[in-house]
Amino acid sequence: MVTSKLQALWNHPAGPKTIHFWAPTFKWGISIANIADFQKPPENISYLQQIAVTCTGMIWCRCSTVITPKNWNLFSVNVAMAATGIYQLTRKIK
């Protein structure tokens with residue numbers, strides 16, 4: 001059963017054999033870096049950078065559900081990007 005699920009993932013149009021898998025996987029680094037920046041003082045946060053992270057996340061969340069094949073890895077990383085960007089902007093504004 002596990003083997004068939006791994007085989008299905010491997011052969012999926014957005015699986016590890018394609019760029020559709022690896023691009024969003026490496027994009028998680030941006031969200032992880034943004035989470036690491038939660039410890040930084042708000043004065044050191046860049047408005048422009050966080051606006052870019054937030055907008056990218058919001059725009060690509062929509063696109064990831066419209067494209068074929070549906071790419072849930074891309075969707076989830078962009079939800080994380082939008083959420084961390086909004087959080088950082090909220091910290092900066094306060």
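Model, not experiment: these values are computed from the prediction. Atom set for the values below is all heavy atoms of this structure, side chains included, hydrogens, waters and symmetry mates excluded.
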Requested in this report: Taking side chain to side chain donor-acceptor pair (under 3.5 Å) as the test, write out the residues that go with Asn78, two or more places apart.
Outcome: Lys27
Query - For Tyr87, side-chain contact (heavy atoms from CB on, under 4.5 Å) partners two or more places apart - result: Phe38, Arg91
Requested in this report: Using the salt bridge (charged side-chain N to carboxylate O under 4.0 Å, His left out) rule, collect all pairs that involve residues 37-51, keeping only residues at least two apart or in two chains.
Outcome: Asp37-Lys40
Query raised in the report: Got a second to check how far Ser76's OG is from Leu74's CG, nearest 0.5 Å?
Result: 8.0 Å
Query raised in the report: Sequence neighbours excluded, which residues qualify as side chain to side chain donor-acceptor pair (under 3.5 Å) partners of Thr56?
Result: none
Query - Any side-chain heavy-atom pair of Asn71 and Phe21 under 4.5 Å - result: no
**Report entry** Residue pairs, two or more places apart or on separate chains, that pass side-chain hydrogen bond (donor to acceptor under 3.5 Å, both in side chains) and touch residues 59-69
**Finding:** none
Query raised in the report: Got a sec, which pairs hit ring pair (Phe, Tyr, Trp, His ring centres under 6.0 Å) with one end in residues 63-86, sequence neighbours left out?
Result: Trp72-Phe75
Query - Nonpolar side-chain network containing Leu89, other nodes, edges under 4.5 Å - result: Tyr47, Ile51, Ile93
Report task. Identify, with sequence neighbours excluded, every residue that meets salt bridge (Lys or Arg N to Asp or Glu O under 4.0 Å) alongside Lys70. Result -> none
Check: residues 79-86 side-chain donor-acceptor pairs under 3.5 Å, at least two apart:
residue : atom : partner : partner atom : Å
Thr84   : OG1  : Asn34   : ND2          : 3.1
Thr84   : OG1  : Ala80   : O            : 3.0
Thr84   : OG1  : Met81   : O            : 3.2

Query raised in the report: Apart from Ile45 itself, which Ile, Leu, Val, Met, Phe, Trp or Tyr residues share its cluster (side-chain heavy atoms under 4.5 Å, direct or through members)?
Result: none
Atom pairs and distances, donor-acceptor, side-chain atoms in residues 7-15, under 3.5 Å, two or more places apart:
residue : atom : partner : partner atom : Å
Asn11   : OD1  : Lys17   : NZ           : 3.1
Asn11   : ND2  : Gln7    : O            : 3.2
His12   : ND1  : Ala14   : N            : 2.8

Report summary line: Here the gap from Ser46 atom OG to Gln88 atom CD, rounded to the nearest 0.5 Å, amounts to 10.5 Å
